[in-house]
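Structure record follows, encoded as structure tokens.
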Amino acid sequence: MKKLLITLLLLASAVTANAAGLADRVREHTLANGMKLLLVERHTSPTVAAWIRFRVGAVDERSDERGIAHLLEHMLFKGTKTLGTTDYAAEKPLLDKIETVAQQLLLEKARREKGDAALIARLENELAALEKEAGRYVVKEEFAQIYNRNGGSNYNAFTSKDGTTYLISLPSNKLELWAAIESDRMQNAVLREFYTERAVVMEERRRSYEAEPEGKLWETFLASAFNAHPVGQPIIGWMSDIANLTRTKAEGFLKRYYAPNNAIIAIVGDIDPDKTIALVEKYFGPIPPGTPVPPVAVEEPPQQGEKRIEVIGDAGAELMIGFHKPTIPHPDELVFDVIDMLLADGRTSRLYKKLVVEKQLVTGVGAFAAPGHRYPNLFIISATPQAPHTVAEVEAALYEEIERLKNEPVTARELQQILNRLEFEESRQMLSIGGLARNLTEYEAITGSWRYLIEHRRDIAGVKAEDIQRVAKKYLTRENRIVGFITKQEVASK
């Protein structure tokens, strides 16, 4: 026990020191083409984490582009004019033919019942034959193979409402290899196997959303919460959205936005900052900027009454309650951070102690902000009822705790506990070079400055008990509420 305590104290000391020194250790550099570079020199091991964050995500898609950012995340692993192919000169004419046939097929299918079934069948067969022929030139997963041979790890990507990120960890002496590969991908990406991969994404949607009540509840909940703003639309897109995406449309989106002026790169680890800046300038500097991602002009109108969403399926009961709220830089966002931690952060939180330990109503409870953080979003409480307790019982218990927020001032001790946990958790993430690279790119993209990472706890410290009561009374109301729940199929059919 004594050894464990000493270890925890040393960890706390280390993370606090890392957080305190970050302000002086981040090196910023902006290329002439607009690319933002954030560097942190850390020689704890001969490795680096390199993250590229594009300030374009699902919220930036037009209505005829839904799902395109997510599909592009898949496609950008397919290679370039020199990687992922044995002979691009021979492959290119086939890719052009594939696109011509695919466009014809899409137009004929769009005619629905008036479409020529025989023509559709012929075009589908022709498309399949062309894709098979083009496939002879494809080198599968060449990016990953090169990185693996050179000691790379954690090679991945993810798409959110707010952005798209590509990441890798690798030995520090392989950083130039990374720069060569990623600069090539940024300017010479080839969307080969597009329609094959589109089918993969459609299957992903069937498996993860349409066949799973939990996934169906989540996307229906969000879509119902937002009448106007695109933040409520699914990142993967609706099935008909995906089916109508074309390589031409994807290439247009790619060329507009996946460019240096919309990119943030964080490199953390065993680096020489001056040499790293020169390396990035060499490989990324010549790439021309693209089109700045325009802000979403649509504003969600105020909700005028409670919305209730029921999903019937073969799954256990689930409950989600959401409330519309502002986001960064609105000062009430900081208050919601405190409410989040007060209600559902760990075993000492109010909801855990009341619903899990004391009343044994649920097996788990959580709170979070979603979807996205660039535009006004939702404060969501989720809970899994413990049999034989019902969704209605859990919902009533949650409202009791929300009313308590409005009517009882939070104690100074509770606020200090939140500050202590926040300091430890935020600092702990800085121990990992990958975690730090992620935070730097995330905060730079969403808030406009990575410094929000080190200013957040200071600003949270200014939140008072009366702020929590004010915000709870303003936003956590019935007319501003969305309730979603799963009803088990055999129960609903009675």
Side-chain angles (χ1 to χ4, degrees), residues 12 15-16 19-20 22 162 320-358 362 364-383 397-430 439 442-443 446-478 480-482:
V15 296
T16 303
L22 189 62
D162 299 321
M320 288 193 296
I321 302 173
F323 300 88
H324 287 277
K325 71 173 190 63
T327 191
I328 301 167
H330 197 289
D332 288 350
E333 168 69 2
L334 291 169
V335 183
F336 270 107
D337 287 344
V338 175
I339 291 173
D340 181 337
M341 298 186 74
L342 179 69
L343 288 181
D345 185 32
R347 293 173 177 268
T348 60
S349 65
R350 287 185 174 187
L351 292 180
Y352 187 90
K353 288 192 293 186
K354 180 68 71 173
L355 273 67
V356 178
V357 178
E358 183 181 324
V362 302
V365 63
F368 54 95
H373 298 279
R374 282 166 50 201
Y375 298 99
N377 54 17
L378 303 174
F379 174 67
I380 300 173
I381 302 171
S382 64
L398 288 173
Y399 295 153
E400 286 181 13
E401 288 302 311
I402 288 173
E403 290 306 308
R404 182 184 168 197
L405 275 181
K406 298 176 183 179
N407 300 319
E408 297 179 17
V410 175
T411 67
R413 184 170 182 271
E414 284 180 306
L415 289 175
Q416 187 58 51
Q417 286 176 334
I418 287 170
L419 287 175
N420 295 342
R421 289 203 307 272
L422 187 65
E423 179 179 25
F424 185 82
E425 285 302 314
E426 290 185 349
S427 300
R428 183 180 61 83
Q429 295 175 25
M430 297 181 195
N439 284 342
E442 184 97 358
Y443 283 108
I446 291 174
T447 72
S449 173
W450 63 268
R451 291 180 180 275
Y452 189 87
L453 176 63
I454 57 177
E455 296 167 354
H456 183 242
R457 185 184 180 277
R458 180 201 66 195
D459 295 339
I460 286 286
V463 174
K464 307 299 182 186
E466 53 266 32
D467 294 322
I468 295 171
Q469 287 184 282
R470 174 185 58 79
V471 165
K473 290 175 181 178
K474 181 177 180 179
Y475 298 101
L476 306 185
T477 63
R478 184 182 185 280
N480 191 40
R481 187 168 74 203
I482 306 97

Inset, instruction - Check whether any side-chain heavy atom of I446 lies under 4.5 Å from a side-chain heavy atom of Y452, and answer yes or no. - result: no

Tell me the closest heavy-atom pair linking [X] and [Y], and the distance in Å.
X    : Y    : result
V362 : A383 : CG1-CB, 4.1 Å
P409 : N407 : CD-O, 3.9 Å
K406 : T477 : NZ-CA, 4.4 Å
A472 : L405 : CB-CB, 4.1 Å
G372 : N377 : O-ND2, 2.8 Å

Gap separating the [atom1] atom of [X] from the [atom2] atom of [Y], nearest 0.5 angstrom:
X    : Y    : atom1 : atom2 : answer
I460 : L415 : CD1   : CG    : 10.0 Å
L355 : S349 : CG    : OG    : 9.5 Å
I454 : N439 : CD1   : CG    : 12.0 Å
E403 : K473 : CD    : NZ    : 10.0 Å
I321 : Y399 : CD1   : OH    : 4.0 Å
H330 : I328 : NE2   : CD1   : 12.5 Å

Legend entry - Donor-acceptor contact present, side-chain N480 to main-chain H324, <3.5 Å: yes

Inset, instruction - May I ask you to decide if H373's main-chain N or O and T327's side chain share a donor-acceptor pair within less than 3.5 Å? - result: yes

Inset, instruction - Enumerate the residue pairs fulfilling salt bridge (Lys or Arg N to Asp or Glu O under 4.0 Å) with a member in residues 453-464, sequence neighbours excluded, ordered by first and then second residue. - result: E423-R457

Inset, instruction - Just jot down the side-chain hydrogen bond (donor to acceptor under 3.5 Å, both in side chains) partners of E466, sequence neighbours excluded, or say none. - result: none

Inset, instruction - Go through the structure and list residues passing side-chain hydrogen bond (donor to acceptor under 3.5 Å, both in side chains) with E442, not counting sequence neighbours. - result: R53

Inset, instruction - Only counting residues at least two apart or in another chain, list the ones meeting salt bridge (Lys or Arg N to Asp or Glu O under 4.0 Å) with R478. - result: E306

Legend entry - Contacts of Y375 that satisfy ring-ring contact (aromatic ring centres under 6.0 Å, His included) - sequence neighbours left out: H229

Legend entry - Steps toward side chain to side chain contact (heavy atoms under 4.5 Å, CB included) verdict (I381, I402): CA-CA 11 Å; I381 302 171; I402 288 173; 4.1 Å; yes

Only distances under 3.5 Å count here; give the side-chain donor-acceptor pairs of residues 331-348 to other protein atoms, sequence neighbours excluded, each with its distance to 0.1 Å.
residue: D332; atom: OD1; partner: R470; partner atom: NH1; Å: 3.2
residue: D332; atom: OD1; partner: R470; partner atom: NH2; Å: 2.9
residue: D332; atom: OD2; partner: Y475; partner atom: OH; Å: 2.8
residue: E333; atom: OE1; partner: K325; partner atom: NZ; Å: 2.4
residue: D337; atom: OD2; partner: H456; partner atom: NE2; Å: 2.8
residue: D345; atom: OD2; partner: R421; partner atom: NE; Å: 3.1
residue: R347; atom: NH1; partner: Y352; partner atom: OH; Å: 2.7

Inset, instruction - Determine, for R350 against E414, whether the closest basic-nitrogen to carboxylate-oxygen distance falls under 4.0 angstrom. - result: yes

